Amino acid sequence: MDRSAESFAEALASGDSDSVNEAIDEIEAVESALRVEQYGALFDACRPVYESDDGYVRQSVVRFLRDAYPMLELTIAASERERVDGYAIDDLRENRTRLVELLLDALGDDDGRVRRAAVDGFDTLGVAIDLAEIDAEKRVLLDELDDLADDLPEEKAKHVEEARQSVARMGLVGSLVGDLDLDVPR
């Protein structure tokens, strides 16, 4: 598969599960530092595909952009250095914010599969936010999730609450992961 942002967007728009899964496998195989460089273009190419009427396509966009997110915050936090591969945690904020905005939007989707993918995205992103000790962002995110839950019908609010619990509980997970001996640059 061609690794251009446009080819990934085409695979997601196809609605074909084999093409979608291949795209996700391909992007996960790309080194984190390279994904940091590519994420903006990937997001710009794939975000419009989310406007599809097909719930599976919207779910695929959420899954893909979640899995394309480089999670370099984990490596930076574990390395105990300010920069890894030339990036600091603050350098990743724009992409993190874009992903959070997509996940918040997906929590309000009419299709439960899309909301479930968003909850999974907050599971993943919550770990990065917690280990990188981005407490201000975490507090803002928890407030946004609270506000969103108040504005949605019960069925959708249930998924928002699951996402909120994922982000809130990362403090425990982060402390456990912090005790692991990870093979990271020091």
Side-chain angles (χ1 to χ4, degrees), residues 1-30 32 35-36 38-71 73 92 94-130 137-138 140-170 173:
M1 167 178 247
D2 174 18
R3 287 189 175 176
S4 71
E6 293 74 22
S7 70
F8 286 123
E10 288 173 18
L12 301 176
S14 75
D16 176 68
S17 62
D18 289 337
S19 296
V20 168
N21 290 330
E22 181 182 353
I24 290 171
D25 290 344
E26 282 286 321
I27 200 62
E28 287 179 329
V30 175
S32 292
R35 278 191 278 158
V36 171
Q38 296 175 336
Y39 195 79
L42 289 170
F43 196 95
D44 290 343
C46 296
R47 178 61 170 98
V49 177
Y50 181 80
E51 301 308 320
S52 171
D53 291 334
D54 184 335
Y56 178 72
V57 170
R58 293 191 308 277
Q59 175 196 28
S60 298
V61 171
V62 172
R63 288 177 53 221
F64 178 81
L65 290 173
R66 170 198 71 204
D67 292 351
Y69 187 76
M71 301 288 288
E73 293 92 344
L92 309 171
E94 181 180 346
N95 288 336
R96 206 170 39 247
T97 300
R98 294 175 86 184
L99 179 58
V100 164
E101 289 170 354
L102 172 67
L103 296 175
L104 288 169
D105 191 22
L107 284 172
D109 197 279
D110 289 334
D111 192 313
R113 297 172 298 179
V114 178
R115 294 191 306 270
R116 179 95 245 115
V119 170
D120 291 346
F122 279 115
D123 266 344
T124 302
L125 197 55
V127 173
I129 290 171
D130 192 67
E137 279 185 44
K138 182 177 178 177
V140 168
L141 178 54
L142 290 170
D143 289 344
E144 288 182 36
L145 289 166
D146 285 340
D147 292 344
L148 184 59
D150 291 341
D151 295 339
L152 292 175
E154 186 176 334
E155 182 181 345
K156 293 178 182 180
K158 175 185 81 164
H159 288 105
V160 175
E161 182 54 33
E162 289 177 33
R164 188 190 188 294
Q165 288 174 2
S166 293
V167 173
R169 77 170 165 250
M170 285 305 120
V173 174

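Nothing here was measured: the structure is a model prediction, and the numbers come from that model.
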Less than 4.5 Å apart, side chain to side chain, heavy atoms only: is that true for Y50 and V114?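 Yes, at least one pair of side-chain atoms sits under 4.5 Å.
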Check: F64 and I27 side chains under 4.5 Å, non-hydrogen atoms: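 SC-SC contact between I27 and F64 confirmed.
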In Å and rounded to the nearest 0.5 Å, what is the [atom1] to [atom2] distance from [X] to [Y]?
X	Y	atom1	atom2	value
D120	R115	CG	CZ	13.0 Å
R164	D143	CZ	CG	8.0 Å
E94	F43	CD	CZ	10.0 Å
Y56	R63	OH	CZ	5.5 Å

For K156, run the salt bridge (Lys or Arg N to Asp or Glu O under 4.0 Å) check against D105, D109, D110 and tell me which one passes.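 With K156 as partner, salt bridge (Lys or Arg N to Asp or Glu O under 4.0 Å) holds for just one option, D110.
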Quick one: does [X]'s side chain have a donor or acceptor within less than 3.5 Å of a partner on [Y]'s backbone?
X	Y	answer
R58	S52	yes
Y69	R35	no
S19	G15	no

Grab the two heavy atoms, one from A9 and one from V49, that are nearest each other, plus how far apart they are.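 It is O-CG2, 3.9 Å.
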So does E51 have more than 12 non-hydrogen atoms from other groups sitting under 6.0 Å from CD?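 Enclosed: over 12 neighbouring heavy atoms sit under 6.0 Å from CD of E51.
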